[in-house]
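Remarks on the structure that follows.
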Amino acid sequence: MRRSALLVALSAGLLLGSANSALARTAADDRVGAEQVVVFSNELTPLTVYSDPHGCQALPAVSHVLVNETSRTVHLHADPFCLTPGIPVRPGYGAHTGQFSGAFSS
């Protein structure tokens, strides 16, 4: 009896592991080719997503982290109009926006 319970548990674990792997591949495949900048503000608000951003984009007032998921470099600016020199954020990288970042440009 004990051996059959072990086999059932092992089978269930393999099945769940396979399902999770398939879901992870699907989620990663969905992001491939996505041109977006994602901004995290805090745990109480949803992510802000800028799809295929161009030009100057003001950041949320309480932004904390910017993630560049585009194929080009974006620049963080201290003002909301992108008039100050920008800090480059390469594709696939992120940066803390801090209290001094008001916008990003691409």
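Reckoned from all heavy atoms, side chains included, excluding hydrogens, waters and symmetry mates.
Contact of the Pro53 side chain with the Phe104 side chain is registered, since non-hydrogen atoms from C-beta on lie closer than 4.5 Å. Side-chain atoms of Leu47 and Phe40, non-hydrogen and from C-beta on, do get closer than 4.5 Å to each other. In this structure, Leu66 and Val74 have side chains that are in contact, with non-hydrogen atoms separated by less than 4.5 Å.
Of the possible donor and acceptor atoms, one in the side chain of Thr97 sits under 3.5 Å from a partner among the backbone N and O of His64. Side chain of Thr84 to backbone of Ala78: a donor-acceptor contact under 3.5 angstrom is found.
Atom-to-atom distance recorded for His96:NE2 and Ser63:OG is 11.0 Å, nearest 0.5 angstrom. Annotation: the span from His75 atom NE2 to Cys82 atom SG amounts to 10.5 Å, rounded to 0.5 Å.
Under a hydrophobic clustering in which Ile, Leu, Val, Met, Phe, Trp and Tyr are joined whenever their side-chain heavy atoms come within less than 4.5 Å, directly or via other members, Val39 and Ile87 fall into the same cluster. Under the 4.5 Å side-chain contact rule for hydrophobic residues, Tyr50 and Val65 do not share a cluster. Cluster annotation: Tyr93 and Val37 are assigned to the same hydrophobic cluster (Ile/Leu/Val/Met/Phe/Trp/Tyr, side-chain heavy-atom contacts under 4.5 Å, transitive).
Other residues sharing a hydrophobic cluster with Phe81 under the 4.5 Å side-chain heavy-atom criterion for ILVMFWY residues are Leu83.
Applying the side-chain contact (heavy atoms from CB on, under 4.5 Å) criterion to Pro80, with sequence neighbours excluded, gives no partner residue.
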As a quick check of understanding, evaluate side-chain contact (heavy atoms from CB on, under 4.5 Å) for Glu35 and His54, giving each step before the final call. CA-CA 10 Å; Glu35 291 287 315; His54 291 284; over 6 Å; no
side-chain contact (heavy atoms from CB on, under 4.5 Å) between Leu59 and Leu76, intermediate numbers included: CA-CA 9 Å; Leu59 290 169; Leu76 278 175; 3.9 Å; yes
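Counting heavy-atom neighbours within 6.0 Å of Arg72 CZ, excluding the residue itself, gives a total above 12.
Here the shortest heavy-atom pairing between Arg90 and Thr73 reads CA-OG1, 4.1 Å.
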